Participant: 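My questions all concern the structure below.
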Amino acid sequence: MIAALDFNTAFRKSLFIAGALFALTPIADPPLALLLGLILSQTIGHPYKSYNSTATKYLLQFSVVGLGFGMNVFEAARAGREGLLFTVASISLTLIVGILLGRMFRIDKKTAFLISSGTAICGGSAIAAISPILKADENQISVSLGIIFILNSIALFVFPVIGHQLNLSQSQFGIWAAIAIHDTSSVVGAAQKYGLSALHIATTVKLERTLWIIPVGFLTAFAFNNRSSRVKIPYFILLFLIAMAIHTFIPKTAFITDWFVIMAKKGMTLTLFLIGAGLTREALKTVGWKPLFSGLILWILISVGSLSVILWTIKH
């Protein structure tokens, strides 16, 4: 019996590692890696579940910094200026509508605010930063994360298809993905599939958006009367800016930095594999239909609304 259990555990671990290695091959693109991770989590489970959250967090940060080595400071600044107005307007509107939907569906206030924050700013990272300020419990955090990850998974497959159907330019798609897709990993994955220019624009606008964790965190502390909580600042964005500066102002480093970019893209694909693997049956069971429906409506509104504005204001 013990030998059989040991063999089963070893087999599951071997299969999982094989899946992770496949995600690093040229065959695997971000959507395929996410799907593979999801299939493995629903069939064999996640043999390294306790390490998944930490591994995903640091691998995502490494990958984002690595992408900076392939980007130009001046082009990024131009993209950031172009997306600034959309960022401010969409974050404010998403938070307001999310709170109203929470009241409409009679969802717990903290859960509704976490879903709204995750949709408005940067998915799981925003939820992780805001939840201690709210003093949210484990169930509220799990429900919010589950909804965000489910919608992220859908977006990774659907957005590039819609972009091609509507003949969106690289700039249009990059800004749209950064605004309407929750997590940085899925934004980068979708934009990477769409094109290099879209990838650069989406990454810049999304990281600019991520910085809004700070003011939203302070407003949350004020609104929920918990001013003693500290807001976690995403310091890896500073490393991303440094990487861009090295690529822009020290071109002789290209023979090294080009490899960093390649590694970063594969790292992002592996990140999405781990995110898919993290969507276990237990995680999916925690999500109720009311919070899910509320999150879905909010996501559709921000997706359709931002796309309409982008098509109207940003030309090919």
Side-chain angles (χ1 to χ4, degrees), residues 83-131 133-134 136 140-156 158-159 162 166 172-173 175-184 186-187 190 202 205-206 208-226 231 286-314:
L84 180 60
L85 181 60
F86 293 112
T87 296
V88 176
S90 62
I91 287 175
S92 304
L93 186 62
T94 303
L95 287 172
I96 292 169
V97 174
I99 292 169
L100 292 175
L101 284 172
R103 290 181 179 177
M104 184 187 301
F105 287 103
R106 296 181 180 179
I107 300 168
D108 169 76
K109 284 184 179 180
K110 292 182 180 179
T111 302
F113 193 81
L114 286 176
I115 294 170
S116 304
S117 301
T119 305
I121 308 172
C122 55
S125 300
I127 291 171
I130 300 296
S131 55
I133 300 170
L134 289 177
Q140 292 164 334
I141 296 169
S142 297
V143 168
S144 306
L145 286 174
I147 291 167
I148 294 299
F149 288 152
I150 290 169
L151 299 180
N152 264 326
S153 303
I154 297 170
L156 189 58
V158 171
F159 269 57
I162 295 174
L166 295 177
Q172 288 173 326
F173 185 84
I175 293 175
W176 184 45
I179 291 173
I181 301 179
H182 309 76
D183 262 355
T184 303
S186 293
V187 169
V205 175
K206 191 62 179 180
E208 175 192 89
R209 201 175 180 84
T210 301
L211 289 172
W212 280 81
I213 287 176
I214 301 167
V216 170
F218 284 121
L219 287 173
T220 303
F222 180 81
F224 285 83
N225 197 26
N226 187 18
V231 181
T286 62
V287 179
W289 75 266
K290 282 188 178 181
L292 179 59
F293 194 51
S294 173
L296 179 61
I297 292 174
L298 185 60
W299 179 50
I300 291 173
L301 287 175
I302 189 64
S303 299
V304 174
S306 60
L307 179 58
S308 301
V309 174
I310 287 167
L311 287 171
W312 183 47
T313 58
I314 300 176

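For the numbers below, each heavy atom of this structure counts, side chains included, while hydrogens, waters and symmetry mates do not. From a predicted model like this one, the values you see are computed outputs, not experimental measurements. Position 1 is the first residue of the sequence, and the numbers go up from there.
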Participant: Return the CG to CG distance between L166 and L307, rounded to the nearest 0.5 Å.
Facilitator: 6.0 Å

Participant: Show every ring pair (Phe, Tyr, Trp, His ring centres under 6.0 Å) that has at least one partner inside residues 112-131, sequence neighbours left out.
Facilitator: F113-F224

Participant: Identify every side-chain donor-acceptor pair in residues 96-105 under 3.5 Å, counting partners at least two apart or on other chains, and give the distances.
Facilitator:
none

Participant: Nearest 0.5 angstrom please: L292 CG to I150 CD1, how far?
Facilitator: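 The CG atom of L292 sits 5.5 Å away from the CD1 atom of I150.
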
Participant: Under the rule for side chain to side chain contact (heavy atoms under 4.5 Å, CB included), what residues qualify as partners of T210, not counting sequence neighbours?
Facilitator: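 T210 satisfies side chain to side chain contact (heavy atoms under 4.5 Å, CB included) with C122, T184, L207, I213, P234, I237 only.
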
Participant: For G118 versus I127, what's the shortest heavy-atom pair and its separation?
Facilitator: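 Here G118 and I127 meet closest at CA-CG1, 4.2 Å.
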
Participant: Which residues satisfy the side chain to side chain contact (heavy atoms under 4.5 Å, CB included) test with A180, sequence neighbours excluded?
Facilitator: F159, W176, S303, S306

Participant: As an exercise, state the distance from OG1 of T220 to CG of L95, rounded to the nearest 0.5 Å.
Facilitator: 7.5 Å

Participant: Name all pairs fulfilling the side chain to side chain donor-acceptor pair (under 3.5 Å) condition that reach into residues 105-119, sequence neighbours left out, sorted by first residue then second.
Facilitator: D108-T111, D108-Q140

Participant: Of all residues at least two apart in sequence or in a different chain, which pass the side-chain hydrogen bond (donor to acceptor under 3.5 Å, both in side chains) check with S90?
Facilitator: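 For S90 the side-chain hydrogen bond (donor to acceptor under 3.5 Å, both in side chains) partners, ignoring immediate neighbours, are R209.
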
Participant: Listed by chain and number, what are the side chain to side chain contact (heavy atoms under 4.5 Å, CB included) partners of L151, not counting sequence neighbours?
Facilitator: I147, I154, H182, L296, W299

Participant: Between atom CD1 of I310 and atom CD1 of I175, what is the distance when rounded to the nearest 0.5 Å?
Facilitator: 6.0 Å

Participant: Pair F218, I133 - check side-chain contact (heavy atoms from CB on, under 4.5 Å), show working.
Facilitator: CA-CA 9 Å; F218 284 121; I133 300 170; over 6 Å; no

Participant: Within the distance-only criterion (no hydrogens, no angle test), does the side chain of S294 pair as donor or acceptor with the backbone N or O of K290 below 3.5 angstrom?
Facilitator: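 Between the backbone of K290 and the side chain of S294 there is no qualifying donor-acceptor contact (under 3.5 Å).
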
Participant: My understanding is that only residues two or more places apart in sequence, or in another chain, count here; which of them pass side chain to side chain contact (heavy atoms under 4.5 Å, CB included) with S186?
Facilitator: N152, I181, L272

Participant: Working to the nearest 0.5 angstrom, can you tell me the gap between S144 OG and L134 CG?
Facilitator: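 Those atoms lie 9.0 Å apart.
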
Participant: Taking all heavy atoms of I107 and all of P291, pick out the closest pair and write down the distance.
Facilitator: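 In this case the closest contact between I107 and P291 is CD1-CA, 3.7 Å.
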
Participant: For the atom pair CD1 (I91) and CD1 (I302), what is the distance rounded to the nearest 0.5 Å?
Facilitator: 9.0 Å

Participant: Keeping the roles fixed (side chain from K206, backbone from I121), state whether a donor-acceptor pair exists under 3.5 Å.
Facilitator: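 Indeed, once roles are kept as given, a pair shorter than 3.5 Å links the two residues.
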
